[in-house]
J.: 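One structure is given below, represented as structure tokens, and several questions about it will come after.
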Amino acid sequence: MSATYGPNGAGKSTTTKIMCGILNPTSGECIINGKVPYKQRKDYVKDIGVVFGQRSQLWWDVPPDDSFYLLRDIYKIPKSNFEETREMLIEKLNIGEIVNVPTRQLSLGQRMRCEIAASLIHMPKILFLDEPTIGLDAVSKITVRKFIKELNEQYGTTVLLTTHDMQDIEALTNRIILIGKGKLLYDGALTDVRKKYSSKSNETSSIDEVIAKMYTDMKIE
Amino acid sequence: MKAYLSFLKLRLNVGLQYRFAAIAGILTQFFFGVMYLFIYEAYYRANISIGMEWQALVSYLWLNQIFFYLTYFNLIDGDIYDSIVTGQVSYELVRPLSVYWLWYVKLLAKKIAGAALRFLPVLVVAMLLPSKYALQAPVSVAAFLLFLVTLFLGVILSICIGMIIYGFMFYTTSSRGLFSIYTAIADFLAGGTIPIVFMPPLLQKICYALPFRLTIDLPFRLYVGNISVEEGVVSVVKQVVWIAITMVLGLVLMKHSQKKLVVQGG
């Protein structure tokens, strides 16, 4: 599990989209699991799940469950596997009561939990999360984080997270990748960053302060 | 294949939810049907000899209104359009499906659902009107069968042409302008605005050389007997050839445009 972060406009989402096979890079190469996402798109995307926090993959006018069944056919998931995964996701994400309500009537937090379920219904090897907790309340955020952590530990799903929410990163992973202006600036442990950039007078600076300091230091503000 | 079918089914379900839009559409179709009848009646009163009998014209006009949703070239499908303008298209590209066929099915479902909700009331009223203004029965069984075949192939063809336009959408930031121009020109060249037989000879030649007329002009004139069954059979071949050409063009364009894709809105 790793997290990518950087200031607005750094290229996080673009990088994610290249890794999802949506965009072609202007230069350079990207190989994941031995495949080039944007060249073998149809073959490659079978093994990935994606959540774009600012968009929706659920059908607006029908309940999330209908979207799940459509995804079953899209990914050609065998019936027994599908039922099993579906029940697991419904239970873990606590969406049993809302999967039969039309998506348009769900709150953002309810919808986001269904979005995550939709991205995992085919049990992908890699899960891309692009700002999955944007606009969520504390309870939903905690549910989502807890679930992602469990998924990573129990099923060994690789999770690539993009976020501005440092608490997401702290709760989920220790490996962080910092990019700014399209360049890789740092790849390493979050604890190291913390040690280096905590203000000397105050050892317990909040993670946001630490990161802000790091940005200033690296002149990417 | 099953994925596309499920998609079609869900999409039809959603499409059938928009009943009030359908009622508004039905009223619009009546209004236009009646308006066209009055306008053309004025011309026919003046005894200007033109290429179609009055009763045939009436049927042509009503057929155009009855199947409006199926044959009209207006393609601004809210979903597809928004998905490109807002960048929602991202989610369609992370599925192991061809975007071309996904959108093809979307458009087809939209046309079928829209037409299914609208065609019957207009059809019934068009038949019940006083005979001078009413839709007549087809000229023969053969003509009617050919009408059905050409109507169906015409819908397939119009979506193929539309997909080429959608391919161009990837190259522009917002394509409302492109779409409006396309809709107006295509509908005119198809005989949707005025029947092609009423056009000046040069314009007629242009229309006959292009594929658009195979979607509206051909099936409706077959129905009213203005095009012979023999010519109809030849036209079916033309339709198939045009479908092949436009489909290949659309597929190539879509493939090429995806490489140049820029996702808008982060």
Side-chain angles (χ1 to χ4, degrees), chain A residues 8-9 11-14 16-26 37-63 66-77 102-104 115 118-119 122 124 126 128 130-131 134 162, chain B residues 1-21 77-103 105-106 109-110 113-114 170-171 251 254-266:
Chain A
N8 291 327
K12 303 181 297 296
S13 293
T14 304
T16 308
K17 286 188 185 101
I18 290 172
M19 291 194 289
C20 294
I22 298 167
L23 294 178
N24 274 41
T26 31
Y38 40 88
K39 285 191 181 142
Q40 292 141 280
R41 185 182 71 80
K42 266 165 74 178
D43 188 32
Y44 166 78
V45 295
K46 275 184 241 158
D47 297 330
I48 66 165
V50 188
V51 175
F52 295 113
Q54 303 183 47
R55 310 187 188 286
S56 179
Q57 63 186 312
L58 301 166
W59 284 51
W60 193 244
D61 292 315
V62 298
D66 288 10
S67 292
F68 297 163
Y69 279 93
L70 178 67
L71 289 167
R72 179 194 65 187
D73 293 341
I74 289 177
Y75 289 102
K76 303 189 181 88
I77 311 168
T103 302
R104 57 169 181 260
E115 296 278 354
S119 69
H122 57 297
I126 310 173
F128 293 93
D130 192 353
E131 305 194 38
I134 199 166
T162 302
Chain B
M1 193 63 198
K2 194 173 171 220
Y4 297 107
L5 279 178
S6 307
F7 201 83
L8 184 74
K9 214 173 88 194
L10 191 53
R11 181 79 180 183
L12 281 172
N13 268 337
V14 173
L16 292 171
Q17 286 182 10
Y18 294 103
R19 292 190 198 94
F20 278 100
D77 175 278
D79 276 9
I80 298 181
Y81 185 80
D82 291 347
S83 82
I84 294 181
V85 173
T86 64
Q88 178 74 25
V89 65
S90 295
Y91 266 130
E92 293 178 344
L93 289 164
V94 297
R95 306 285 177 231
L97 296 174
S98 143
V99 177
Y100 183 90
W101 293 114
L102 196 63
W103 287 1
V105 166
K106 263 193 185 182
K110 183 159 186 167
F170 277 118
Y171 298 97
L251 281 163
M254 199 64 111
K255 197 161 185 163
H256 182 256
S257 62
Q258 272 174 36
K259 283 188 194 143
K260 309 254 160 180
L261 187 65
V262 174
V263 174
Q264 302 180 37

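Naming convention: chains lettered A, B, ... in sequence-line order (proteins, then strands); numbering from 1 in each chain.
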J.: Given heavy-atom pairs under 4.5 angstrom as the criterion, report whether the side chain, backbone, both or neither of A:Phe52 touches chain B.
T.: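 Answer is both: backbone and side chain atoms of A:Phe52 are under 4.5 Å from chain B.
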J.: Check side chain to side chain contact (heavy atoms under 4.5 Å, CB included) between A:Asp61 and all other residues, then give those that pass, not counting sequence neighbours.
T.: A:Arg104, B:Val14, B:Gln17, B:Tyr18
J.: Are any of the side-chain heavy atoms of A:Val62 and B:Asn13 separated by less than 4.5 Å?
T.: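 No. Closest side-chain heavy atoms not under 4.5 Å.
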J.: Is any side-chain heavy atom of A:Asp73 closer than 4.5 Å to one of B:Lys9?
T.: no
J.: Looking at B:Arg95 and A:Lys42, would you say the former's side chain and the latter's main chain have a donor-acceptor pair under 3.5 Å?
T.: no
J.: Can you tell me which of A:Ser56, A:Gly21, A:Ser67 forms the most heavy-atom pairs within a distance under 4.5 Å of chain B?
T.: A:Ser56
J.: Quick one: CG on B:Leu97 to CD1 on A:Ile74, what's the gap to the nearest 0.5 Å?
T.: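 CD1 of A:Ile74 is found 5.0 Å from CG of B:Leu97.
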J.: What are the two closest heavy atoms between B:Val94 and A:Tyr75, and how far apart are they?
T.: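 Heavy-atom minimum between the residues: O-OH, 3.5 Å.
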J.: Looking at residues at least two apart in the chain, or sitting in another chain, which of them share a salt bridge (charged side-chain N to carboxylate O under 4.0 Å, His left out) with A:Lys46?
T.: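 Only A:Asp43 meet the salt bridge (charged side-chain N to carboxylate O under 4.0 Å, His left out) criterion with A:Lys46.
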J.: Which heavy atom in B:Glu92 sits nearest to a heavy atom in A:Arg41, and how many Å separate them?
T.: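 The answer is O-NH1, 4.1 Å.
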J.: Quick check: closest heavy atoms across B:Tyr91 and A:Val51, and the distance to 0.1 Å?
T.: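 B:Tyr91 and A:Val51 have their closest heavy atoms at OH-CA, 3.3 Å.
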J.: Look at B:Ser6, B:Ser98, B:Pro96 and state which one has the largest set of heavy-atom pairs under 4.5 Å with chain A.
T.: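 Max contact count across the listed options: B:Pro96.
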J.: What are the two closest non-hydrogen atoms of B:Ser90 and A:Ile22, and how far apart are they?
T.: O-CD1, 3.5 Å
J.: At a heavy-atom separation under 4.5 Å, does A:Trp60 approach chain B through its side chain, its backbone, both, or neither?
T.: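 Interface part for A:Trp60: neither.
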